[in-house]
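Inspection log for the structure reproduced underneath, given as structure tokens.
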Amino acid sequence: NEENLVVSNDARLVASFPQKKDTSCAIPVVSGSYYLVTVPAWNAVVSLDISNPAAPREVSRMTLGPEDTPHWIAISPDQRRVVVTGYDSLQHRVIIARFDPASGRLTLDERFREEGTIAAGYRMDNKTWPHGGTAKGIPHGAVFDRPEGIAGDRGSGLSRIDAPSGEPLRVARVEAA
């Protein structure tokens, strides 16, 4: 919010995004010379070329559905996939974006979906969890994990979802609704 921005004599605002009512933050990641950020007001994830930090330039925008409000993103170790969670219709769903680290292009990974569904993504509101519970999962923060990191996590409360490439995606926080 620009009204609350304090600028020193040595700093200047080079980019900003509109704020969506009832949202308070957007989570960015940096990959090479690209700054990826959720923009809830646009229902989108945006890629900015920051090779010239004084003049960031939008190079890609992955616009989601009108009820998909992205919040959290994390990038895979190979810098080619971005996990997205959020609010509204993303409250109980995880989606994956493909990221081209050479161009900054973002696209929805249509392959990441549950068997027999038409919508991309993985729903967490219709599951029976390993401990036997059936509460609606709310994936808030999510990270990619390497296969060797899976062993020894028994009892951590983290859920594991295998992405189409076979690399596990672990949902870092699942809350009962």
Exercise: identify the closest heavy-atom pair between D109 and A120: O-CB, 4.0 Å

E110 side, atom CD; I96 side, atom CD1 - distance, nearest 0.5 Å: 12.5 Å

Closest heavy-atom pair and its distance - P70, V45: CB-CG2, 4.3 Å

Heavy-atom side-chain contact between F99 and M62 under 4.5 Å: no

Whether E114 side chain and R123 backbone form a donor-acceptor pair below 3.5 Å: yes

Closest contact, heavy atoms only, G137 versus H92: O-ND1, 2.8 Å

Side chain to side chain donor-acceptor pair (under 3.5 Å) contacts in which one or both residues fall within residues 25-48, not counting sequence neighbours: S31-Q79

L36 CG to I50 CD1 distance, which is reported to the nearest 0.5 Å: 9.0 Å

Any donor-acceptor N/O pair, T85 side chain to H140 backbone, under 3.5 Å: yes

Heavy-atom check, side chain of R98 versus side chain of R111, under 4.5 Å: yes

Heavy-atom pair with the smallest gap, counting every atom of V29 and A74: CG1-CA, 4.1 Å

For F112 against V94, the heavy-atom pair lying closest together: CE2-O, 3.5 Å

Hphob cluster co-occupancy, V59 + V14, side-chain heavy atoms under 4.5 angstrom: no

Residues in side-chain contact (heavy atoms from CB on, under 4.5 Å) contact with D68, at least two apart in sequence or another chain: L64, S89, L90, R93

Taking every non-hydrogen atom, the tightest pair across S60 and G104: CB-O, 3.4 Å

V46 reachable from Y87 in the ILVMFWY side-chain graph, under 4.5 Å edges: no

